[in-house]
There are 2 protein chains.
Amino acid sequence: MEMRKTSRGRPRSFDEDAVLDAAMRAFWEHGYEGTSVTTLESATGLKAPSLYGAFGSKEALYQSALERYASEHGAVLRPDGPAREAVAEFLLDAADRFSEGGLPPGCMISTAALGVGAAQRAVATRPAKMRAQTLDSIEQRLRRAVDDGELPPETDAAALARLVGAVIQGMSVQAIDGATRAELRALATVAMNAWPAAA
Amino acid sequence: MEMRKTSRGRPRSFDEDAVLDAAMRAFWEHGYEGTSVTTLESATGLKAPSLYGAFGSKEALYQSALERYASEHGAVLRPDGPAREAVAEFLLDAADRFSEGGLPPGCMISTAALGVGAAQRAVATRPAKMRAQTLDSIEQRLRRAVDDGELPPETDAAALARLVGAVIQGMSVQAIDGATRAELRALATVAMNAWPAAA
DNA sequence: GAGTTATTTTATCGATCGTTACAGAAATGG
DNA sequence: CCATTTCTGTAACGATCGATAAAATAACTC
């Protein structure tokens with residue numbers, strides 16, 4: 001936990017949060033390999049040494065941008081109430097977020113670093129773990145619904161969780177391809193028809 | 001249609017089809033930007049001038065590899081028989097293909113060139129058009145099923161087609177993330193529960 | 001004001017990117 | 001055998017990659 005007692009030396013001329021936000025949008029839109037340091041310079045208005053001084057490296061900046069995305073723009077599965085409504089809300093929320101005006105289309109995590117050079121595969125592990133964690137949290141929510149009797153006991157919670165994840169990932173692809181908010185919401189609604197009949 | 005009347009000059013020392021296949025696998029696994037010409041050299045065993053002589057450029061080679069993938073490894077929606085069985089077969093076939101041993105995981109088209117540098121966005125248009133075409137062919141197949149009375153008239157064919165596409169795209173992501181064939185097949189099976197009740 | 005510390009700017013680093021000149025090698029036609 | 005044509009390998013091209021050394025600048029402390 002680094003703690004700057006008093007601010008000595010020349011002060012920063014930029015707002016670190018705003019710069020991180022701009023970098024996040026660049027990575028979000030063009031991916032890791034598609035975003036060069038030159039791109040980041042024009043996106044943030046900073047020069048390379050300032051970026052490196054504040055964030056360490058391009059990879060570290062990407063990871064920070066990922067975390068920021070997850071906390072600021074990530075859809076969350078509401079833990080309370082009926083699971084069916086929580087999942088439906090989750091999917092519709094994602095449809096809205098992926099087609100939000102003023103932001104890049106799609107999800108920064110769902111479809112991040114899928115085809116990446118062998119040299120920098122380390123960059124892909126964090127988004128992959130985030131996807132795995134999302135699948136796991138959905139599955140646990142569904143298992144709870146089974147235990148609560150909301151879902152029939154023969155429900156394949158893991159497979160159903162993968163379906164929900166696939167819908168998210170597919171909506172991300174289709175949003176990037178230009179799908180409208182209405183089309184994504186319709187997709188989400190149709191997907192909910194796969195929800196098992198009540199126990 | 002270029003036609004070499006008689007073979008003069010030094011003959012090719014390689015099988016063009018085998019080289020294209022090797023290049024396809026490289027692009028399939030690492031994407032366009034993640035596959036360098038050096039990577040292609042070691043994947044094919046050729047030197048750059050031979051590659052350029054045979055295929056023109058890295059981008060042209062990628063496009064050729066894409067077409068080859070589509071014709072050799074692309075799942076197809078069987079046009080005859082009940083639409084429900086055709087779609088179920090389509091999804092299960094994709095699940096198998098995306099987890100086929102000896103080949104890269106996932107789909108070369110479903111998740112290709114999603115985050116790509118602004119400079120080379122032309123590369124992304126062909127895969128995007130292929131995805132759009134897949135969605136369209138599914139939708140038309142579903143519309144036909146509605147007309148035939150297999151699906152209720154109020155069916156949202158476009159949304160259902162997008163769901164099928166999303167499942168494909170999501171399975172591709174999850175295959176890359178390490179999902180097993182059984183997991184993908186279970187996902188496909190659960191997804192089919194979204195199929196509307198008979199008319 | 002002098003000295004210290006941190007940031008900014010300028011310029012550049014070596015590595016790699018996609019691509020290609022050029023010369024040697026291997027087949028043809030005369 | 002000679003000339004021609006085409007391919008292969010070597011070497012290198014300019015551009016860009018991520019990253020940084022060094023100098024100039026702007027705040028602080030004393």
Side-chain angles (χ1 to χ4, degrees), chain A residues 2-20 22-23 26-27 30-65 113 115-124, chain B residues 2-20 22-23 26-27 30-65 113 115-124:
Chain A
E2 101 180 31
M3 181 71 66
R4 199 180 310 280
K5 305 176 187 301
T6 88
S7 100
R8 300 217 306 189
R10 179 173 178 173
R12 289 255 163 84
S13 68
F14 57 90
D15 177 10
E16 192 164 320
D17 247 43
V19 165
L20 180 54
F27 282 127
H30 303 117
Y32 179 75
E33 292 178 321
T35 307
S36 69
V37 174
T38 305
T39 303
L40 291 168
E41 285 182 331
S42 46
T44 61
L46 299 191
K47 304 301 178 61
S50 295
L51 285 173
Y52 279 80
F55 301 100
S57 68
K58 181 192 171 186
E59 179 174 342
L61 176 53
Y62 177 74
Q63 304 293 353
S64 299
V116 78
Q120 307 146 315
R121 188 155 302 163
V123 177
Chain B
E2 102 181 28
M3 180 71 65
R4 198 180 312 281
K5 304 176 188 301
T6 87
S7 102
R8 298 218 309 189
R10 180 172 177 175
R12 290 257 163 84
S13 69
F14 57 90
D15 176 10
E16 191 165 323
D17 247 44
V19 165
L20 181 54
F27 281 126
H30 303 118
Y32 180 74
E33 292 178 321
T35 306
S36 69
V37 174
T38 305
T39 303
L40 291 168
E41 284 182 332
S42 46
T44 61
L46 300 190
K47 301 303 175 66
S50 295
L51 285 172
Y52 280 80
F55 302 100
S57 68
K58 181 191 170 185
E59 179 173 343
L61 176 53
Y62 176 74
Q63 304 292 354
S64 299
V116 77
Q120 308 146 315
R121 188 156 303 164
V123 176

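Since this is a predicted model, take the numbers as computed values, not measurements. The chains referred to below are lettered A, B, ... by the order of the sequence lines, with proteins before strands, and numbering in each begins at 1.
Atom CD in A:Glu41 sits about 12 Å away from atom C1' in C:dA11, given to the nearest Å. Counting to the nearest Å, the P atom of C:dT7 and the CZ atom of A:Phe14 are 8 Å from each other. In this structure, the CZ atom of A:Phe55 is 18 Å from the C1' atom of D:dT20, given to the nearest Å. We find that CG of A:Leu40 is positioned 8 Å from P of D:dG18, with the value rounded to whole Å. In this entry the distance linking CG of A:Leu51 with C1' of C:dT8 reads 12 Å, nearest Å. Across the protein-nucleic acid pair, B:Leu46 atom CG and D:dG9 atom P stand 8 Å apart, rounded to whole Å. A straight line from CG of A:Leu61 to P of D:dG18 spans 11 Å, rounded to a whole angstrom.
Both A:Lys58 and B:Lys47 lie near DNA chain D, and the one whose nearest nucleotide falls closer to the 5' end is B:Lys47. Mapping B:Ala48 and B:Pro11 onto DNA chain D by nearest heavy atom places B:Pro11 at the nucleotide closer to the 5' end.
Taking side-chain N and O atoms only, B:Tyr52 has a distance below 4.0 Å to OP1 or OP2 of C:dT19. Between B:Ser13 and D:dC7 there is no side-chain N or O to OP1 or OP2 distance below 4.0 Å. For C:dT7, the OP1/OP2 oxygens have a side-chain nitrogen or oxygen of A:Arg12 closer than 4.0 Å. Checking the phosphate oxygens (OP1, OP2) of C:dT16, no side-chain nitrogen or oxygen of B:Thr38 falls inside 4.0 Å. Checking the phosphate oxygens (OP1, OP2) of C:dT7, no side-chain nitrogen or oxygen of A:Ser50 falls inside 4.0 Å.
Taking the ring axis of A:Tyr32 as reference, the NZ or CZ atom of A:Lys58 stays within 45° of it and closer than 6.0 Å to the ring centre.
Atom CG in B:Leu46 sits 13.0 Å away from atom OH in B:Tyr52 (nearest 0.5 Å). B:Leu20 contributes atom CG, which lies 5.0 Å from atom CZ of B:Phe55 (distance to the nearest 0.5 angstrom).
If you check C:dT19, C:dA21, C:dT9 against the side chain of B:Pro49, the one that comes closest is C:dA21.
Judged by distance alone, with hydrogens and angles left aside, B:Arg10 brings no side-chain donor or acceptor close enough to the base of D:dT6 to form a pair under 3.5 Å.
Between the side chain of B:Thr44 and the main chain of B:Ala23, no donor-acceptor pair closer than 3.5 Å is present.
Closest approach of B:His30 to B:Thr35, counting heavy atoms only: CB-OG1, 3.4 Å.
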